[in-house]
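In this chain, numbering begins with 1 at the start of the sequence shown.
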Amino acid sequence: MSDLPEAVCADCISFSGEGRDADGQILGRCRFRPELGLIPESLPYCHVFQVRSSRAQQVRVPDQKARSARQPRAVQKSAGPARATLARPTTGDTDGEISVDRNGLKQVLRELLEEETLFGYPPMGGRWEGGSLVMKPADPSLQAKEVPLESFFHKVVMLRDRLRVLEAKLNAHDKLTDQEKVELQQYISKCYGTLTTFNVLFRDKEDQFASK
């Protein structure tokens, strides 16, 4: 098994090809991480990787320890400092030089966005992994719509993070009075309250929506 090539995005069940680039490499999208947009098939696997059955014996599938090591810091549990936010970003040593190719640079930028802002990837409850959201019409002659729960969960997380950014921008706005900020903040709080329905999808309580 050690002689097998390391798994890449194209080996994952979530990768769906949509065309080729100028070099003939397949480009596609990830159903688990739609925020990545169009990505090359050769991109290294990430923490949500699930191997295709047809590729299980053709590539070196990462074990749980290796997958955990690739998770963004916002996902991992540790006794270290609290998760970075817009108000409290991650800081570090920026001295020295690095040399990476185009794909490597894109991966670094993605990791920076995850670590330096609110846009991390909170873990989903284990019982929902591999599940589907089914929207079934009352009319039996109409076809039901099925959405992978991982994809739906990431959309919920993105909505949560955008509300947090809106809240931060509102509180920092220098042309609004305190009264106006309070009034607008109430609408955001109501949005959080409405979205508490989806709290069941989050593994950790601190990642959930709260109306206060």
Give every donor-acceptor pair under 3.5 Å between a side-chain atom in residues 133-144 and any protein atom, sequence neighbours left out.
from	atom 1	to	atom 2	distance (Å)
Asp139	OD1	Ser141	N	3.0
Asp139	OD1	Ser141	OG	2.7
Asp139	OD2	Ser141	OG	3.1

* Asked: Given the rule that I, L, V, M, F, W and Y join up when any side-chain heavy atoms are under 4.5 Å apart, are Leu170 and Val182 in one cluster?
  -> no

* Return the set of residues passing salt bridge (Lys or Arg N to Asp or Glu O under 4.0 Å) with Arg20 (not counting sequence neighbours), or none when no residue passes. => none

* Asked: Do Pro40 and Val8 touch side chain to side chain, with heavy atoms closer than 4.5 Å?
  -> no

* **Validation row: Val51, Ile13 side chains within 4.5 angstrom (heavy atoms)** => no

* Asked: Would you call Lys205 and Asp207 a side-chain contact if the rule is heavy atoms closer than 4.5 Å?
  -> no

* **Value rounded to 0.5 Å, distance of CG in Leu159 from CZ in Arg164** => 11.0 Å

* **Side chain proximity check, Pro122 to Asp204, heavy atoms < 4.5 angstrom** => no

* To do: Using a 4.5 Å cut-off on heavy atoms from C-beta on, say whether the side chain of Leu27 contacts that of Glu18.
  => no

* Asked: If you measure from CD on Gln50 to OG on Ser14, what distance do you get to the nearest 0.5 Å?
  -> 7.5 Å

* So Glu6 and Asp11, side chain to side chain contact (heavy atoms under 4.5 Å, CB included) or not? Walk me through it. -> CA-CA 10 Å; Glu6 189 175 51; Asp11 301 313; over 6 Å; no

* Please step through side chain to side chain contact (heavy atoms under 4.5 Å, CB included) for the pair Asp161 and Val157, ending with a clear verdict. => CA-CA 6 Å; Asp161 288 344; Val157 170; 3.8 Å; yes

* To do: Give a yes or no answer on whether the side chain of Asn171 reaches the backbone of Glu167 with a donor-acceptor pair at less than 3.5 Å.
  => yes

* Considering residues at least two apart in sequence or located in another chain, which fulfil the side chain to side chain donor-acceptor pair (under 3.5 Å) criterion with Gln208? -> none

* To do: Name all residues meeting the side chain to side chain donor-acceptor pair (under 3.5 Å) criterion together with Gln186; count only those two or more places apart in sequence or in a different chain, and write none if there are none.
  => none

* Report the C-alpha separation of Glu129 and Met124 in whole Å, then their side-chain angles, then the decisive distance to 0.1 Å, and conclude whether the side chain to side chain contact (heavy atoms under 4.5 Å, CB included) test is met. => CA-CA 7 Å; Glu129 292 181 0; Met124 185 171 68; 4.2 Å; yes

* Measure from the side-chain N and O atoms of Arg52 to the backbone N and O of Phe15, and report whether any donor-acceptor pair falls under 3.5 Å. => yes

* Asked: For the atom pair CZ (Phe209) and CG (Leu201), what is the distance rounded to the nearest 0.5 Å?
  -> 9.5 Å

* With distance as the sole test, does Trp128 use its side chain to make a donor-acceptor pair with the main-chain N or O of Phe202 at under 3.5 Å? -> no

* Short question: side chain of Ser132, backbone of Pro148 - any donor-acceptor pair under 3.5 Å? -> no

* **Under 3.5 Å side-chain donor-acceptor pair for Gln25 and Glu41** => no

* Note, Phe198 side chain near Lys155 side chain (heavy atom, < 4.5 Å) -> no

* To do: Check whether any side-chain heavy atom of Arg29 sits under 4.5 Å from a side-chain heavy atom of Leu38, and report yes or no.
  => yes

* Less than 4.5 Å apart, any side-chain heavy atom of Arg160 and any of Leu163? -> no

* **Side-chain donor/acceptor of Asp21 to backbone N/O of Gly24, under 3.5 Å** => yes

* List for me each residue that meets side chain to side chain donor-acceptor pair (under 3.5 Å) alongside Glu180, sequence neighbours excluded, and say none if there are none. => Thr177

* Quick one: CG on Leu149 to NE2 on His154, what's the gap to the nearest 0.5 Å? -> 11.0 Å

* Is the side chain of Arg55 donor-acceptor paired with the backbone N or O of Ala10 at a distance under 3.5 Å, no angle test? -> no

* Structure fact -> salt bridge (Lys or Arg N to Asp or Glu O under 4.0 Å) filter on Glu146, not counting sequence neighbours, yields none

